[in-house]
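Before any comments, here is the structure.
Given the structure is predicted, the values throughout are model-derived calculations rather than measurements.
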Amino acid sequence: MTDPSGQRPNIVLILADDLGYSDLGCYGSEIRTPNLDGLAASGVRFAQMYNSARCCPSRASLLTGLYAHQAGIGHMMENLGSPSYQGYLNRSSVTIAEALRAHGYSTMLSGKWHVGGGYDILDADSWRPGDATHPIPTQRGFDRFYGIVSGAASYFYPRTLMRDDELIPLETSDDYYLTDAITDNAVRMVEQVAGGDAPFFLHVTYTAPHWPLHAPEEDIARYEGTYRAGWDTVRTGRHEELKALGLVDPRWDISPRDESVRPWDVSPEPGWEDLRMATYAAQIECMDRGIGRILNCLRRLDLADDTIVMFASDNGGCAELMAEEAHPGERFRYRTDPLDGRTMRVGNVPGLRCGPADTFMSYGQGWANASNSPFRRFKRWVHEGGISTPFIVNWPARFGGPRIVHQPAHFIDVLATCLDAAGAPYPAEFDGHPITPLEGESLLPLLDGEDWSRERPLFFEHEGNRAVRLGQWKLVSAFGDDWELYDLAEDRTELDDLSSRSVPRVKAMAGTYDEWAERCGVRAWGG
C-alpha cells in the first residue's frame with residue numbers, strides 16, 4: 001500500500017545509541033525531549049517495538065530487513081569464522097538505501113555506521129575503510145556520508161571520522177561536539193537535495209547517549225541535583241508515568257531492582273552518581289535539540305508534511321563497565337587524549353567529574369536499570385529490558401495522532417515499511433547477487449489504523465541469549481540458563497515464569513527457535 005496521493009515520501013530514520021525504553025519524555029522520562037515528544041504528540045508510538053539487543057546486530061536488521069545473522073553480523077565487527085558472523089554486511093542483503101536509490105531516491109547518512117568490519121581506533125595505519133571486509137556507507141547505497149565507521153568515540157575528538165569515502169582528520173575546534181556535528185551535516189544534506197526532483201532517504205545515527213559521558217558543561221548543569229533521590233525513585237516514577245501514558249499495562253508490576261545494583265540508600269557517592277545521570281540526561285537533551293533542528297529544516301523547506309520521520313534506539317540501556325575496571329592496566333581501545341596535551345582519564349572513578357574530553361566514564365548498572373524501567377536486564381540480553389525500544393513514527397500527510405499501538409514489531413519490519421511507503425520493490429537480486437528473502441513485514445497498514453497482526457514469530461539471539469516471541473507468548477533464556485516462559489499480555493515485566501506449568505508449549509516454541517537458528521546460521525555461543 002503506497003501513499004494514495006502518488007507522492008513518494010521523503011524518509012528520515014533516526015537512531016539513538018544505548019537509549020533505554022523510558023528515557024524520553026513521551027515514554028515516561030523526566031529528561032527534557034520536547035522535539036521527540038512533539039513527534040509523538042502528532043504521530044504514532046509503539047509500545048512493543050523490538051531491536052536486536054546490541055548496536056551492530058540492531059543496525060544490520062534495521063538496514064536490511066533481515067535477522068542480523070542473515071546479514072553477516074551475528075555478533076559484532078570481529079570475523080568469527082563463518083558467514084553469519086563475518087562482522088560486516090554481506091552481499092546477500094540489500095540495505096534500505098540501496099533499494100530506495102534504485103527507486104530514484106537520494107540517500108544520505110550522518111552519524112555512526114558500525115556495520116562494516118572492525119577498527120582498532122588507536123592504530124590508524126591498520127584502518128582499511130572501503131576494502132572487501134570493511135564496506136562503507138557509500139558502498140552500500142548512500143550517496144553521502146558523514147560520521148564514524150567504528151562503534152564508539154570521544155564526542156570531542158572522534159576517531160574514524162569520514163566524509164563520503166575519505167577519512168578526515170580529528171576535529172580540533174574548541175566547540176566541536178559529535179552530536180552537534182551529526183546534526184549539522186544532516187541539515188546540510190537535506191538543504192543540498194531539497195528542491196530536486198528526487199525524494200530522499202536520510203539516516204541519522206547519533207552516538208548519544210552511548211558512553212563516554214561527554215556533554216557541554218552548561219547542559220550538564222541544568223540536570224545536576226535532579227537525580228539525588230536515586231535510581232529506585234526514578235524507576236518507580238517512570239513506571240507510574242508509563243502506566244498513565246497507556247504504554248504499559250497497570251497490571252504489570254515493575255521488575256525488582258537488578259541484582260547487580262545496590263540500593264540507593266547505601267550508595268557511597270550519591271553526589272557523583274547524580275552527576276553521572278545528569279551527564280547522561282544532558283547527552284539525550286542535546287540529541288533531542290539536534291532532532292529539533294532537523295525537523296525545523298524540513299518545515300523551513302516545506303518538506304515536513306510529505307516526510308516520514310521515524311525514531312528508535314538500537315538497544316536497551318547499557319550496564320557495561322569500563323574495560324579498566326575489570327582489567328586494570330590493559331590498553332583501552334577507545335582512549336583518545338585531547339589534542340591540547342591533556343591525558344584521558346578512563347574509568348568510573350568516584351569523585352571525578354564526568355563530562356569533559358579528558359574523562360571516559362559510563363553511567364553504570366543502577367542508572368541503566370532506571371533507563372529500562374519497568375523491564376528486566378539490559379543491553380546484550382534479550383529479556384525485555386535489552387530489546388525494547390521507544391519507536392515513534394510521524395507522517396503528517398498520511399496519518400494523524402496521537403496513537404499508541406501495542407502490536408509487537410521489530411527492526412526487521414522497518415525496511416519493508418519504507419519500501420511499502422515509497423512503492424519500491426524488494427529485489428530478488430541486487431548488483432549481481434541473489435538476495436535473501438525479506439524477513440520483515442510492512443507496518444504501514446498498522447500505521448494507517450487498520451487491523452494488523454504478525455504472520456510469523458519474532459526471534460532473538462545475541463551471545464547465547466535467545467528468545468522467540470509468538471503472539472502473547474515469549475520463550476527466553478539467558479546464556480547458560482534454562483528456558484523461561486512468559487505470557488506478555490499478563491506479565492510483560494517477566495516476573496512469573498510459566499515454563500514448569502506449560503511444558504508442551506515450551507517444547508513447541510523451543511523447536512520453532514531451533515528451526516530458525518538453523519535456517520539463519522546461528523551457532524552455539526562460545527562454540
Notebook entry, point to check: Can you name the nearest heavy-atom pair linking Phe378 to Ala368, along with the distance?
Noted result: CD2-CB, 3.7 Å
Notebook entry, point to check: Parallel, tilted or perpendicular: which describes the rings of Trp516 and Tyr67, with under 30° parallel and over 60° perpendicular?
Noted result: perpendicular
Notebook entry, point to check: Which is it for Leu170 and Leu161 under the side-chain contact (heavy atoms from CB on, under 4.5 Å) test, yes or no, and what are the steps along the way?
Noted result: CA-CA 7 Å; Leu170 277 173; Leu161 268 178; 5.9 Å; no
Check: Are Phe201 and Phe142 side-chain neighbours, meaning at least one heavy-atom pair lies under 4.5 Å?
Finding: yes
Next item on the list: Say whether Asn296 and Arg299, considering side chains only, have a donor N or O and an acceptor N or O under 3.5 Å apart.
Entry: yes
Margin query: If you define the side chain from C-beta out and look only at heavy atoms, does anything of Lys379 sit under 4.5 Å from Arg54?
Written below: yes
Notebook entry, point to check: Where is the tightest heavy-atom contact between Ala71 and Thr64, given as atom of each residue plus distance?
Noted result: CB-OG1, 3.9 Å
Check: Is the side chain of Arg159 donor-acceptor paired with the backbone N or O of Tyr334 at a distance under 3.5 Å, no angle test?
Finding: no
Item checked: Option passing side chain to side chain donor-acceptor pair (under 3.5 Å) with Glu461 (candidates Arg466, Arg523, His69) -> His69
Margin query: Please evaluate residues Asp23 and Ser371 with respect to the criterion side chain to side chain donor-acceptor pair (under 3.5 Å), reporting the C-alpha separation (whole Å), side-chain torsions for both, the decisive distance (0.1 Å), and the verdict.
Written below: CA-CA 6 Å; Asp23 274 334; Ser371 286; 3.0 Å; yes
Check: Do Thr512 and Phe459 pass the side-chain contact (heavy atoms from CB on, under 4.5 Å) test, and can you show the C-alpha distance, the side-chain angles, and the key distance before you say yes or no?
Finding: CA-CA 9 Å; Thr512 301; Phe459 299 95; 3.6 Å; yes
Item checked: Least distance between heavy atoms, Leu415 atom then Thr95 atom -> CD1-C, 3.9 Å
Next item on the list: Determine the minimum heavy-atom distance between Tyr155 and His214, stating which atoms define it.
Entry: N-ND1, 3.3 Å
Check: How far does CG of Asn35 sit from CD1 of Ile294, to the nearest 0.5 angstrom?
Finding: 10.0 Å
Check: Can you tell me if Gln86 uses its side chain to pair, donor with acceptor, with the backbone of Tyr88 under 3.5 Å?
Finding: yes
Margin query: Quick check against the 3.5 Å criterion: does Asn315 have a side-chain atom that pairs as donor or acceptor with the backbone of Cys55?
Written below: yes
Check: How far apart are the C-alpha atoms of Glu320 and Trp211, what are their side-chain angles, what is the distance that settles it, and do they pass the side-chain contact (heavy atoms from CB on, under 4.5 Å) test?
Finding: CA-CA 9 Å; Glu320 295 172 355; Trp211 43 249; 3.7 Å; yes
Notebook entry, point to check: What is the distance from atom OG of Ser313 to atom CD1 of Ile14, rounded to the nearest 0.5 Å?
Noted result: 13.0 Å
Notebook entry, point to check: In terms of the angle between their ring planes, are Phe399 and Trp395 parallel, tilted or perpendicular, with boundaries placed at 30° and 60°?
Noted result: perpendicular
Item checked: Any donor-acceptor pair under 3.5 Å from Asp413 side chain to Leu443 backbone -> no
Margin query: What's the separation between atom CD in Gln48 and atom CG in Leu247, rounded to the nearest 0.5 Å?
Written below: 10.5 Å
Note to self: Check whether His383 reaches the backbone of Gly385 with its side chain - one donor and one acceptor, N or O, closer than 3.5 Å.
What the structure shows: no
Notebook entry, point to check: Under 3.5 Å, side chain of Asp306 to main-chain N/O of Leu303, donor-acceptor pair present?
Noted result: no
Margin query: Once side chain to side chain donor-acceptor pair (under 3.5 Å) is applied, do any residues pair with Asn372, and if so which ones, sequence neighbours excluded?
Written below: none
Item checked: Contact check, side chains of Ile182 and Lys112, non-hydrogen atoms, under 4.5 Å -> no
Checklist line | Spacing of Ile387 atom CD1 and Ser58 atom OG [to the nearest 0.5 Å] | finding: 9.5 Å
Next item on the list: Can you see which heavy atom on Gly130 is nearest to which on Gln139, and at what distance?
Entry: O-NE2, 2.8 Å
Notebook entry, point to check: So do Glu241 and Ser29 actually touch side chain to side chain, heavy atoms under 4.5 Å?
Noted result: no
Note to self: Under 6.0 Å between ring centres: does that hold for Phe200 and Tyr105?
What the structure shows: no
Item checked: Donor-acceptor contact below 3.5 Å, side chain His134 vs main chain Gly118 -> yes
Next item on the list: Please report the shortest heavy-atom distance between Ala467 and Tyr513, naming the atom on each side.
Entry: O-CD1, 3.7 Å
Notebook entry, point to check: Is any side-chain heavy atom of Tyr85 closer than 4.5 Å to a side-chain heavy atom of Val522?
Noted result: yes
Next item on the list: Return yes if a side-chain donor-acceptor contact under 3.5 Å exists between Asp314 and Asn51, otherwise no.
Entry: no
Next item on the list: Could you tell me whether the side chain of Asn10 reaches within less than 4.5 Å of the side chain of Leu202, counting heavy atoms only?
Entry: no
Item checked: Intermediate values then yes/no, side-chain contact (heavy atoms from CB on, under 4.5 Å), Glu191 and Val187 -> CA-CA 6 Å; Glu191 291 173 338; Val187 168; 3.7 Å; yes
Check: Which of parallel (below 30°), tilted (30 to 60°) and perpendicular (above 60°) describes Tyr280 and Tyr363?
Finding: parallel
Item checked: Neighbour count >12 (heavy atoms, 6.0 Å) for atom CD, Glu429 -> yes
Note to self: To the nearest 0.5 Å, what is the distance between CZ on Arg144 and CG on Leu109?
What the structure shows: 11.5 Å
Next item on the list: Sequence neighbours left out, what passes side chain to side chain donor-acceptor pair (under 3.5 Å) with Tyr50? Give chain and number order.
Entry: Glu384, Arg469
Note to self: Check the orientation of Trp525 and His75. Use parallel for under 30°, tilted for 30 to 60°, and perpendicular for over 60°.
What the structure shows: tilted
Item checked: Salt bridge flag under 4.0 Å for residues Arg101 and Asp143 -> yes
Notebook entry, point to check: Can you find a pair of side-chain heavy atoms, one from Arg398 and one from Leu444, that are under 4.5 Å apart?
Noted result: yes
Notebook entry, point to check: Are any non-hydrogen side-chain atoms of Gln70 and Arg519 less than 4.5 angstrom apart?
Noted result: yes
Margin query: Donor-acceptor check, side chain of Thr205 to backbone of Leu15, threshold 3.5 angstrom: yes or no?
Written below: no
Notebook entry, point to check: For Arg238 and Ser22, does a side-chain donor sit closer than 3.5 Å to a side-chain acceptor?
Noted result: yes
Margin query: Please evaluate residues Thr183 and Asp180 with respect to the criterion side chain to side chain donor-acceptor pair (under 3.5 Å), reporting the C-alpha separation (whole Å), side-chain torsions for both, the decisive distance (0.1 Å), and the verdict.
Written below: CA-CA 5 Å; Thr183 298; Asp180 293 338; 5.4 Å; no
Note to self: Nearest 0.5 angstrom please: Ile412 CD1 to Arg456 CZ, how far?
What the structure shows: 7.0 Å
Note to self: When you compare the side chains of Asn185 and Arg163, does any donor N or O come within less than 3.5 Å of an acceptor on the partner?
What the structure shows: yes
Notebook entry, point to check: Does a side-chain N-to-carboxylate-O contact under 4.0 Å join Asp37 and Arg32?
Noted result: no
Check: Under 3.5 Å, is there a donor-acceptor pair between the side chain of Asn90 and the main chain of Ser92?
Finding: yes
Item checked: Asp17 and Arg59 ion-paired at < 4.0 Å -> yes
Note to self: Consider ring-ring contact (aromatic ring centres under 6.0 Å, His included). Of Phe391, Phe311, Phe411, which one does Phe46 pass it with?
What the structure shows: Phe391
Next item on the list: Using atom types as modelled and distance alone, determine if a side-chain donor or acceptor of Thr279 lies under 3.5 Å from a backbone N or O of Ile220.
Entry: no
Item checked: Derivation of the side chain to side chain donor-acceptor pair (under 3.5 Å) call for Ser150 and Thr160 -> CA-CA 6 Å; Ser150 58; Thr160 75; 2.8 Å; yes
